[in-house]
Structures are given as C-alpha cells and as structure tokens.
Amino acid sequence: MTALATRRRFYTLAEVAEHNAPQDCWVSILGEVFDITELVKAQQGPAAAPLIAAAGTDISHWFDAKTGDVKLFVDPVTNLQSVYCPQGKFIHVAPTEPRSDWNCGFDLPWWQNADEYRIGRLTSSTCLIRIMNMLTESEDFLEVPKEESIAEIRDRYMDINSHAASYNWKALKSSPGSDQITLEEVNMNLTLEENGIGNGLMSDEMGLSTAYSPVLCLYWCDDLTTA
C-alpha cells in the first residue's frame with residue numbers, strides 16, 4: 001500500500017480515482033479494492049500498460065462475477081477457450097501459447113492474492129454528511145461509505161480536525177411516532193442508519209437546519225479522559 005494512503009475497511013469510488021498513476025495505482029474489482037502500485041513498478045512493460053491505463057477505475061468488467069477470475073471466450077480461429085482481454089493482456093494473465101519470456105514465478109495471480117494486494121472493499125453506496133463543530137462554529141461536508149461506523153467517520157474527519165477524538169459526537173434524531181427532533185449522543189460503534197440518523201432532518205430552533213444531509217454535531221469534551 002502506498003505510504004500516504006490510510007487503510008480503511010471501505011473506500012468510495014472517488015477515493016479509488018485519486019490513485020490513478022503508475023507510481024500510485026489502485027483498481028477495484030467486484031467490490032474489492034486493490035493497491036497494485038508495487039506490482040506495476042516491479043513488472044514494467046507491455047503487460048503493465050492496461051493496468052496503468054485503468055488506474056483509479058473499476059475493472060470489474062474484465063472479470064467473471066461467478067468465478068472471480070478473468071473472463072474467458074472461445075477463440076473463433078483456434079476453437080479453444082482463451083482469456084478475454086480486449087484491453088490487452090495484463091500482469092499475471094497467461095499467454096495463449098507457451099512462451100519462454102513469460103514470468104510464471106508467482107503462487108497466485110494478483111487479483112486472487114488478497115493478503116498482498118487487497119486493501120479493503122468498495123462501498124455499495126455513499127452518504128454526504130454535514131459535521132458541525134459547535135466550539136468553532138465551523139462546518140464540513142464529507143462523503144462517507146454507508147457501511148462505516150461513526151468511529152470510522154471520525155477517523156476520516158481527523159484529516160480535517162486532528163482533535164476530533166476530543167469531542168462528544170451527537171446527532172439530530174426524530175422520536176418514533178413523533179415529529180419532535182432531539183439532539184442525542186451517538187453510539188460510535190454503529191453506522192448512521194443503526195444510530196437512527198436519516199436524511200432530511202431539520203431543526204430551525206436549534207440553528208441546525210439541513211434538508212439534505214445527516215448532521216453530526218461536535219461538542220468539545222473538557223474531560224479528555226473520556227475522549
């Protein structure tokens with residue numbers, strides 16, 4: 001994994017798209033995210049070219065969803081089954097015919113080598129949230145995977161506010177069977193949905209109106225032992 005990247009359980013398409021160069025090369029396949037930077041660096045040449053061209057994108061269409069392997073087709077010339085690589089054969093894809101210059105010195109192809117190249121999962125969907133710092137009266141918007149806990153969202157927010165762990169995190173919630181909205185402390189180990197935090201909550205009286213994004217409110221914690 002590249003030195004400047006932070007390891008997460010889930011990544012957004014936008015995060016994958018940031019790693020779109022030979023020296024920083026990520027791709028996603030069938031819901032999994034791979035960092036193949038070192039692989040591309042080590043095996044520069046024609047086989048690396050398709051991966052470099054696809055860096056930062058989802059290449060699930062190169063693979064069979066049932067087998068998790070590269071797609072196959074029947075060659076109309078030889079009438080033999082072969083790998084389907086219209087973008088060009090890439091690293092660890094075997095040549096159609098035996099070749100003395102093909103490097104077969106690996107146990108698993110990189111897309112099956114989760115221990116070495118897989119760094120996390122691709123989110124199934126994202127949510128745009130609004131984080132309000134009640135101490136500084138500032139606000140930020142973050143696009144986050146819906147599968148992440150609020151503790152993981154806090155880790156993302158640390159890139160903006162390195163003291164994020166020194167705040168109590170609260171959210172606007174609607175009471176079941178009532179139109180009343182209250183501000184309650186959240187369970188950091190649960191997701192937004194599991195905390196009952198949805199879209200469209202509004203509270204003009206509290207000055208926290210939002211018609212579109214869930215709101216998380218940060219209150220400075222004087223007792224840092226609870227942070």
Side-chain angles (χ1 to χ4, degrees), residues 1-73 82-95 102-129 142-159 188-194:
M1 189 167 180
T2 47
L4 296 179
T6 300
R7 187 92 181 225
R8 305 190 191 280
R9 281 197 311 133
F10 290 92
Y11 296 91
T12 67
L13 283 170
E15 286 178 305
V16 175
E18 292 174 358
H19 304 270
N20 57 3
Q23 66 275 14
D24 185 12
C25 183
W26 290 16
V27 292
S28 59
I29 304 170
L30 303 174
E32 309 289 343
V33 179
F34 296 80
D35 181 352
I36 55 174
T37 304
E38 297 305 317
L39 179 70
V40 168
K41 287 181 180 178
Q43 301 195 38
Q44 296 181 13
L51 295 174
I52 293 173
T57 69
D58 183 82
I59 58 172
S60 296
H61 56 288
W62 295 9
F63 295 82
D64 187 318
K66 293 182 179 179
T67 66
D69 213 340
V70 181
K71 286 182 176 179
L72 301 174
F73 80 115
S82 180
V83 292
Y84 181 67
C85 296
Q87 71 285 342
K89 289 186 178 179
F90 49 92
I91 296 171
H92 292 175
V93 173
W102 185 63
N103 177 18
C104 58
F106 57 89
D107 295 326
L108 290 171
W110 62 265
W111 57 89
Q112 294 180 0
N113 192 341
D115 291 340
E116 188 166 357
Y117 299 108
R118 180 188 175 278
I119 58 172
R121 300 191 63 189
L122 189 68
T123 180
S124 60
S125 65
T126 62
C127 178
L128 184 67
I129 65 169
L142 288 181
E143 182 187 21
V144 300
K146 73 170 188 178
E147 301 92 344
E148 285 190 337
S149 67
I150 295 182
E152 290 172 306
I153 293 174
R154 180 185 60 192
D155 291 342
R156 288 178 178 273
Y157 182 65
M158 293 278 282
D159 293 339
M188 301 298 289
N189 296 318
L190 301 181
T191 65
L192 291 166
E193 183 178 358
E194 290 168 344

Item to complete: Any chance you could lay out the side-chain contact (heavy atoms from CB on, under 4.5 Å) test for Asp58 and Val27, step after step, and finish with the verdict?
Response: CA-CA 6 Å; Asp58 183 82; Val27 292; over 6 Å; no
Worksheet item: Could you walk me through whether Thr191 and Ile150 pass the side-chain contact (heavy atoms from CB on, under 4.5 Å) check?
Response: CA-CA 6 Å; Thr191 65; Ile150 295 182; over 6 Å; no
Practice prompt. Before giving the answer on side-chain contact (heavy atoms from CB on, under 4.5 Å), spell out for Trp26 and Ile119 the whole-Å C-alpha distance, their side-chain angles and the decisive distance to 0.1 Å.
Written response: CA-CA 10 Å; Trp26 290 16; Ile119 58 172; 3.5 Å; yes
Worksheet item: Going through the checks in order, is the side-chain contact (heavy atoms from CB on, under 4.5 Å) test met by Leu30 and Ser60?
Response: CA-CA 5 Å; Leu30 303 174; Ser60 296; 3.9 Å; yes
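Here the CD-OG1 distance, from Glu143 to Thr126, works out to 3.5 Å after rounding to the nearest 0.5 Å. In this structure, NE2 in His92 is found 11.0 Å from CD in Gln112, a value given to the nearest 0.5 Å. From Asp107, atom CG reaches atom CG of Asn113 across 8.0 Å, with rounding to the nearest 0.5 Å. Rounding to the nearest 0.5 Å places OG of Ser125 at 4.0 Å from NZ of Lys146. For the atom pair CD (Glu148) and OG1 (Thr123), the distance works out to 7.5 Å, reported to the nearest 0.5 Å. Separation of atoms CG (Leu39) and OH (Tyr117) is listed at 4.5 Å; rounding is to 0.5 Å.
With respect to Arg121 and Glu147, no salt bridge is recorded, no charged nitrogen being found less than 4.0 Å from a carboxylate O. Residues Arg8 and Glu15 are paired through a salt bridge, judged by an N-O separation under 4.0 Å between the basic side chain and the carboxylate. The pair Glu152-Arg9 meets the salt-bridge criterion, with a side-chain N (NZ, NE, NH1 or NH2) lying under 4.0 Å from an Asp/Glu carboxylate O.
Taking each heavy atom of Ala48 and Val40 in turn, the nearest pair found is CB-CG1, 4.3 Å. In this structure, Val83 and Ala94 approach most closely via the heavy-atom pair CG2-O, 4.4 Å. The shortest non-hydrogen separation linking Glu32 to Gly120 is OE1-O, 3.5 Å. Considering all non-hydrogen atoms of both residues, Val144 and Arg156 come closest at CG1-CD, 4.0 Å. In plain terms, the two heavy atoms of Trp111 and Ile91 that are nearest each other are CZ3-O, 3.5 Å. Considering all non-hydrogen atoms of both residues, Gln23 and Thr37 come closest at O-CG2, 3.2 Å.
The aromatic ring centroids of Phe90 and Trp62 lie less than 6.0 Å from each other. Checked against a 6.0 Å centroid threshold, the rings of Trp110 and Phe34 count as neighbours.
Heavy-atom contacts from other residues, nucleotides or ligands closer than 6.0 Å to CD of Gln87 number more than 12. Within a 6.0 Å sphere centred on CZ of Phe63, other residues, nucleotides and ligands contribute more than 12 heavy atoms.
Under a 3.5 Å cut-off, the side chain of Ser28 and the backbone N or O of Gly31 do not form any donor-acceptor pair.
Residues Asp64 and Leu72 form no side-chain contact, since every pair of their non-hydrogen atoms from C-beta on lies 4.5 Å or further apart.
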